[in-house]
Amino acid sequence: MKVAIIGGGPAGLYSAILLKKQRPETEITVYERNRADDTFGFGVVFSDATLDNFEKYDPPSYRRITEEFAYWDDIAVHFRGTVHRVGGNGFCGCSRRKLLLILQERARELGVTLMFETEIADEADFADADLIVIADGINSRFREKNIAHFQPEVDLRSNIFAWMGSTRPLDAFTFIFQETEWGPFIAHAYQYETGRSTWIFETDPETFERAGLAGLDEKQSADRMAEIFGWFLQDHPILTNRSTWRNFPMIRNQRWVKDNMVLLGDAKASAHFSIGSGTKLAMEDAIALADAMHRAPTVAAALQQYEQGRREEVEKTQHAADVSLVWFEHVDRFWEFDPVQFAFGVMTRAKAITYDNLTLRAPDFVHQVDKAFAKQVRARGFDVDVGKPLAPMFQPFRLREMTLTNRAVVSPMCMYSAKDGMPQDFHLVHYGSRALGGAGLIFTEMVCVGRDARITPGCAGIWNDEQQAAWRRIVEFVHANSAAKICLQLGHAGRKGATRLMWDGMDRPLEKGGWDLISASPIPYFPDSRMPREMDRAAMDAVRSEFVASAERGQACGFDMLELHCAHGYLLASFISPLTNTRSDAYGGSLANRLRYPLEVFEALRAVWPSHKPMSVRISATDWAEGGVTGDDAVAVARAFAEAGVDLVDVSTGQTVRDSRPIYGRMFQTPFSDQVRNEARVATMCVGNITTADQVNTILAAGRADLVALGRPHLIDPGFTLKAAAWYGAEGVFCPVQYLPGKDQIFRNSVRDRQDYEELKIKAKPKTRAELKAEAAKPLAAE
Ligand SMILES: Cc1cc2nc3c(=O)[nH]c(=O)nc-3n(C[C@H](O)[C@H](O)[C@H](O)COP(=O)(O)OP(=O)(O)OC[C@H]3O[C@@H](n4cnc5c(N)ncnc54)[C@H](O)[C@@H]3O)c2cc1C
Ligand SMILES: Cc1cc2nc3c(=O)[nH]c(=O)nc-3n(C[C@H](O)[C@H](O)[C@H](O)COP(=O)(O)O)c2cc1C
């Protein structure tokens, strides 16, 4: 068998090594346009987990690599004169040049042919090869040559960065966030060998322009960086090596394989440097390819297996990299944060590190975070303990004159169990038990403002006296038996009305017994859905009056808060999204026009809703669809509602059109809440696949939302908040007197459970290489 590898970077060389080991008789040649010892780049970084993989696949190169490594455990964040450190991260750095020399040496030893200073222009040169590995890096010529087949997507990110180096020693992965007269600069730095560290500098395009970097050559821009970070560099120089300023390209390919050609490494998928995974991805691609070649009977089958088996892992890493790079692009959102909260945000930005996880590794740091959070709460007039602060989830919150005892919220969830809009005993028990379970705030399901405003025949309403009385009974139960507040969510289904109960086919049209639908524009949801009528001014007036009448009934019931549902493609949302609003009058076109009617309804409600009671609006902050609402639009929408008097924006996403493509994952909508909160400067509630109290605390402590709503978790666990209170030792949580013996028990047991959990976590965690190295270096204790 014959293998041609184009590119002698980490992906090309490591795949040559692994393939040659597997089948020594294979003729493998690596073609590299550079010289063998071209020094290009500075250090590379691997996590302990990646090194474990290298150890398994090729022990000799692993040993040589790790002999050369610098190890560190801590991440340090420097911001506004403070430094916060967190240990237990287990990273290693090594010179890129040395890594390449080690891989070259090992490849040669195994009998791989290495051809340097050989630039390949045409894959036809390898007509006799059984396999052609394309590992020619981020600007891959061969990916571009076959662009129609691989279908690459190159997303050039807005920030501008350059890799540089320094002799400054570092004992931690170091982030420095530096204010300058031109704007913020960020340094990502780590040591990779004695006397050498990598420094990646990053800034936004406006700051780059203002700092005049565009006009400077490599040496001059290094001098500028040395000036900016001089206080930290302590006279160590900034070094350059092809250190040009660039925009980072996030690269993805629809296809990775063409005939017997396969893309590896940066050519196939890049990962932003802020998660340090470029070289890791490249070498793990080589591992995946070798595994597939080992298992599959033919090259074609192996390449198919490689792509199928590896894609999810690569996409996960790229997603983490995306989330991380977006954090750095929007660092100005957090610039005014308390430094410890800022540092917490840096640590938890990519979701892998959480509040509980940091509590195990850096309890003092988390204590500082809790203190800072409690201080902010105190500054808002609450008499909370700052010395021994409660976890953020159990800090109180106020909207107008409504005070919540904690930040956990039962998300609005339609129960499809009303009869003619009438809430039943089911609703009393459902809402009542969640209030008894300790949540600070309970939302009703979407309560419809009229018969024809319903989504399904099972939707609840508040358009007549009987319904009002039934809701009043629920509100009175909640007030009499719990500390929870209860918010009425009002909505109109619009074009998504007259559909079946959730368990009979979500959003599918009713087979019989439907009703007329209205929407911003006459566009059905499914092609076979009932056609909605475009609302004229008379219909707008009528619906607005229905909303107002329902709000007045809500006030008569004693609800503490009112939410206007402008999300998920229902009537008011259908005005906001350009995908569902194609009107040519004053209610269509620009965002301002599309917002006109929802704002008009909101203002009419605000006028009748008592001024001491808060109001929120639920929005879909993105449609997850081409041409639809984006996060930036959501900021404008939030600003408009804030001007109209909204107290809280409830940030959800999607469900506007049926061919949307949401990117699901843990806490997947939280970045939108973060954007709205910290750009529009309005209080937010986030929601969406948030399942643990740990995540709730992570979101709150990082300043990404003010309240956290949980929908599905509350469906199966009404006592979510009480249980979390026991875990975090929040003694003051409300518990009905009838349930106090249960509270005593769970609080007592939780102390022990938590100790067991912490011991288990600590015992189960293997020592990092940095810890092992530190132990080995310790002198033996005297007997
Ligand atoms: C300027 C720069 C500096 C970097 N510095 C660092 C750093 O300090 N630390 C770090 O961790 N990561 C760094 N990276 C990122 C890191 O190099 C990549 O994520 C990783 O090396 C990917 O490995 P690869 O094998 O896919 O690609 P690469 O390492 O880019 O290797 C591709 C190789 O293919 C060769 N090649 C390209 N076209 C041809 C051709 N037609 N014929 C023959 N050979 C060809 C190139 O010369 C190159 O050696 C840097 C990237 C760049 C662009
Ligand atoms: C069965 C069901 C019913 C829902 N009903 C409503 C509703 O009436 N109003 C609303 O704004 N959101 C509704 N949602 C959305 C939830 O409030 C929540 O945003 C969503 O379930 C994501 O949160 P989770 O991952 O915590 O469940 C509903 C979701 C589900 C699954």
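Both backbone and side-chain heavy atoms feed into the values below; hydrogens, waters and symmetry mates do not. Note that ligands are numbered from 1 as they come in the structure, with each ligand's atoms numbered from 1 the same way.
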- Message: Any nitrogen or oxygen of G711, side chain or backbone, less than 3.5 Å from one on ligand 2?
- Response: yes
- Query: Relative to ligand 1, is R246 under 4.0 angstrom through side chain, backbone, both or neither, heavy atoms considered?
  - Reply: side chain
- Any sub-3.5 Å donor-acceptor pair from R434's side-chain atoms to H714's backbone N or O? yes
- Can you list the ligand 1 atoms lying under 4.0 Å from a non-hydrogen atom of T118? 42 (N), 43 (C)
- Query: Should the pair R310-D285 be classified as a salt bridge under the 4.0 Å nitrogen-to-oxygen rule?
  - Reply: yes
- Closest candidate by heavy atom, reference atom 22 (C) of ligand 2, pool A460, G688, C566, G491: G688
- Give me the ring orientation class for F602 and F641: parallel if the planes are under 30° apart, tilted from 30 to 60°, perpendicular past 60°. perpendicular
- Message: With a heavy-atom distance limit of 4.0 Å, tell me whether A11 approaches ligand 1 through its side chain, its backbone, both, or neither.
- Response: both
- Side chain, backbone, both or neither: which part of W163 comes within less than 4.0 Å of ligand 1 when only heavy atoms are counted? side chain
- Item | From the candidates R618, M502, E445, the one that places a heavy atom nearest atom 10 (C) of ligand 2 | R618
- Message: Show the atoms of ligand 1 that are less than 4.0 angstrom away from any heavy atom in G137.
- Response: 27 (O), 30 (O), 32 (C)
- Message: Would you say the rings of W163 and F42 are close, in the sense that their centroids are separated by under 6.0 Å?
- Response: no
- Just go through A709, P412, C686 and tell me whose heavy atom is the nearest to atom 6 (C) of ligand 2. P412
- Pick whichever of G654, C414, C459, S411 has a heavy atom sitting closest to atom 5 (N) of ligand 2. C414
- Query: Looking at atom 9 (N) of ligand 1, what's its closest protein heavy atom, distance included?
  - Reply: G43 O, 2.3 Å
- Could you check which of M667, E563, M446 puts a non-hydrogen atom nearest to atom 8 (O) of ligand 2? M446
- Heavy-atom protein contact below 4.0 Å for atom 3 (C) of ligand 2: yes
- Query: Does ligand 2 have an atom under 4.0 Å from some heavy atom of A567?
  - Reply: no
- Query: At what distance is the nearest protein heavy atom to atom 32 (C) of ligand 1, and which residue and atom is it?
  - Reply: A135 O, 3.3 Å
